[in-house]
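First comes the structure, then the notes that go with it.
Numbering of residues begins at 1 and proceeds along the displayed sequence. Remember, it's a predicted structure, so these values are computed and weren't measured experimentally.
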Amino acid sequence: LMSEHDPLTGLPNRRVLFRELEKAMEAKRPFALCYMDLDDFKQVNDRYGHVKGDICLAEIAACIKKAYARHGYCYRTGGDEFCVLLKDEASEARCAATLQTLLAERRKTLAILPTVSLGSAVFSGEDVVAVKDRADRALYCAKKEQKARAAAAKPAGRERTT
C-alpha cells in the first residue's frame, strides 16, 4: 500500500496513475487528464518552512479530493504536482471551478496557501504520451497566465530588481 500511496496526502502516486491510464487506454474508455501544479510553492517552503509547506500540500490535496473525487481519480504525482484522471470531460470545468472556490475559502484561515494552476487534455485515441504532453502544455500556459495576473496585481512601486 505504501509503495502506491503518498504518505502525506493519502493520494495514490504516479505509479498508480500510469497503471490506470494504460487500463483506460486499452479499454478505449473516454477520459480527461488534468495536471495541477502549485504556483511558487518553493517560496512557501523557503519563507515558512517545510512543515507549513506540508500543511499546504495536505490542504490542497483535500480540496482536490473534495472537488474531483466524484468525477474521477486523484493522484499526487510529485512534490507539488497533482493529477486527476476524469471519467469524462463534461465535469472538468465544474470541478476546476469548485477547486478554486474551495481553495479561496481555505485561504481565509490559511493565508499562505498557494494558488494552483491546471491544464488538461482529453483522450481522443492517441497514445498516453500525447495526452500527457497536451495536458502538460496546457498546464504551463495556465502557469504563465497566473504569473502574469500576479504581476499585474502587484501595487505600483513595489517591484524590485536585483
Side-chain angles (χ1 to χ4, degrees), residues 1-21 24 31-123 128 131-154:
L1 185 65
M2 288 182 65
S3 68
E4 294 188 343
H5 286 78
D6 172 55
L8 178 66
T9 64
L11 292 175
N13 63 22
R14 179 185 303 263
R15 176 182 298 166
V16 179
L17 168 64
F18 290 156
R19 186 173 57 230
E20 294 305 314
L21 275 171
F31 66 85
L33 184 64
C34 183
Y35 278 165
M36 301 173 199
D37 190 80
L38 281 57
D39 298 317
D40 299 318
F41 183 64
K42 183 179 179 331
Q43 292 178 10
V44 172
N45 281 333
D46 289 352
R47 187 169 184 187
Y48 302 102
H50 287 91
V51 171
K52 293 285 189 186
D54 285 353
I55 290 169
C56 287
L57 288 168
E59 287 287 338
I60 288 170
C63 290
I64 290 170
K65 283 191 273 189
K66 193 170 187 176
Y68 286 90
R70 287 184 36 200
H71 304 281
Y73 307 98
C74 308
Y75 307 88
R76 181 174 178 204
T77 56
D80 66 341
E81 299 168 355
F82 296 87
C83 186
V84 175
L85 185 58
L86 288 168
K87 297 172 191 170
D88 62 71
E89 67 177 300
S91 55
E92 178 192 3
R94 186 173 57 253
C95 289
T98 300
L99 174 62
Q100 297 304 339
T101 299
L102 291 168
L103 291 171
E105 188 64 30
R106 289 300 301 133
R107 275 189 206 95
K108 291 177 182 175
T109 55
L110 185 60
I112 65 169
L113 201 63
T115 57
V116 177
S117 292
L118 299 91
S120 63
V122 176
F123 172 66
V128 70
V131 178
K132 288 171 36 187
D133 184 55
R134 285 200 335 269
D136 196 48
R137 282 185 281 136
L139 170 65
Y140 281 96
C141 285
K143 286 189 83 59
K144 187 176 178 182
E145 289 173 17
Q146 179 68 25
K147 288 182 188 238
R149 280 194 301 272
K154 284 183 183 175

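Remark: side-chain polar atoms of Asp88 are paired, donor with acceptor, to backbone N or O of Ser91 under 3.5 angstrom. Side chain of Arg134 to backbone of Leu33: no donor-acceptor contact under 3.5 angstrom is found. A donor-acceptor pair under 3.5 Å is absent between the side-chain atoms of Asp40 and the main chain of Gln43, judged by distance alone. A donor-acceptor pair under 3.5 Å is formed between the side chain of Arg76 and the backbone N or O of Gly79. A donor-acceptor contact shorter than 3.5 Å links the side chain of Asn13 to the backbone of Ser3. Of the possible polar contacts, none joining the Arg106 side chain to the Leu113 backbone as a donor-acceptor pair under 3.5 Å is found.
When all heavy atoms are compared, the tightest approach of Cys74 to Pro12 is O-CD, 3.2 Å. Counting all heavy atoms, side chain and backbone alike, Leu21 lies closest to Leu85 at CD2-CD1, 3.6 Å. Residues Phe41 and Gly53 come closest through the heavy atom pair CZ-O, 3.4 Å. Closest approach of Ile112 and Val44 over heavy atoms only: O-CG2, 3.7 Å. Considering all non-hydrogen atoms of both residues, Thr77 and Leu17 come closest at CG2-CD2, 3.7 Å. Residues Ala121 and Ala135 share a closest heavy-atom pair of CB-N, 3.5 Å.
With contacts defined as side-chain heavy-atom distances shorter than 4.5 Å, the pair Glu59/Leu103 does not qualify. Counting heavy atoms from C-beta outward, Arg137 and Asp133 have side chains that approach closer than 4.5 Å. In this structure the side chain of Glu89 never reaches within 4.5 angstrom of the side chain of Phe123, judged on heavy atoms. Looking at Val84 and Tyr75, their side chains never come closer than 4.5 Å, going by heavy atoms from C-beta outward. Residues Cys34 and Cys83 fail the side-chain proximity criterion, which asks for heavy atoms closer than 4.5 Å. Contact of the Ile55 side chain with the Leu110 side chain is registered, since non-hydrogen atoms from C-beta on lie closer than 4.5 Å. Side chains of Leu118 and Lys143 form no contact here, defined as non-hydrogen atoms less than 4.5 Å apart.
With respect to the salt-bridge test (charged N to carboxylate O, under 4.0 angstrom), the residues Asp46 and Lys42 qualify.
Atom NZ of Lys132 has more than 12 neighbouring heavy atoms from other residues, nucleotides or ligands inside a 6.0 Å radius.
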For side chain to side chain contact (heavy atoms under 4.5 Å, CB included), just list the numbers for Leu86 and Tyr73, CA-CA rounded to whole Å, side-chain angles, deciding distance to a tenth of an Å, and then say yes or no. CA-CA 6 Å; Leu86 288 168; Tyr73 307 98; over 6 Å; no
For this session: Take Tyr68 and Met36 through the side chain to side chain contact (heavy atoms under 4.5 Å, CB included) test and state the conclusion after the steps.
Result: CA-CA 12 Å; Tyr68 286 90; Met36 301 173 199; 3.3 Å; yes
- How far apart are the C-alpha atoms of Asp39 and Ser117, what are their side-chain angles, what is the distance that settles it, and do they pass the side-chain hydrogen bond (donor to acceptor under 3.5 Å, both in side chains) test? CA-CA 7 Å; Asp39 298 317; Ser117 292; 2.7 Å; yes
- Query: Can you list the steps and then say if Val116 with Asp37 is a side chain to side chain contact (heavy atoms under 4.5 Å, CB included)?
  - Reply: CA-CA 6 Å; Val116 177; Asp37 190 80; over 6 Å; no
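Note that CD of Gln100 is 9.5 Å distant from CG of Leu102, once rounded to the nearest 0.5 Å. Between the CD atom of Glu81 and the OH atom of Tyr35 there is a distance of 9.0 Å, given to the nearest 0.5 Å. Note that CD of Glu20 is 13.5 Å distant from CZ of Arg15, once rounded to the nearest 0.5 Å. Note that NE2 of His71 and CZ of Arg94 are 5.0 Å apart. Values are rounded to the nearest 0.5 Å. The CG atom of Leu38 sits 6.0 Å away from the CG atom of Leu57 when rounded to the nearest 0.5 Å. Once rounded to the nearest 0.5 Å, the distance linking CZ of Arg70 with OG1 of Thr98 reads 9.5 Å.
For the pair Lys65 and Phe82, the cation-pi test (distance below 6.0 Å, angle within 45°) is failed.
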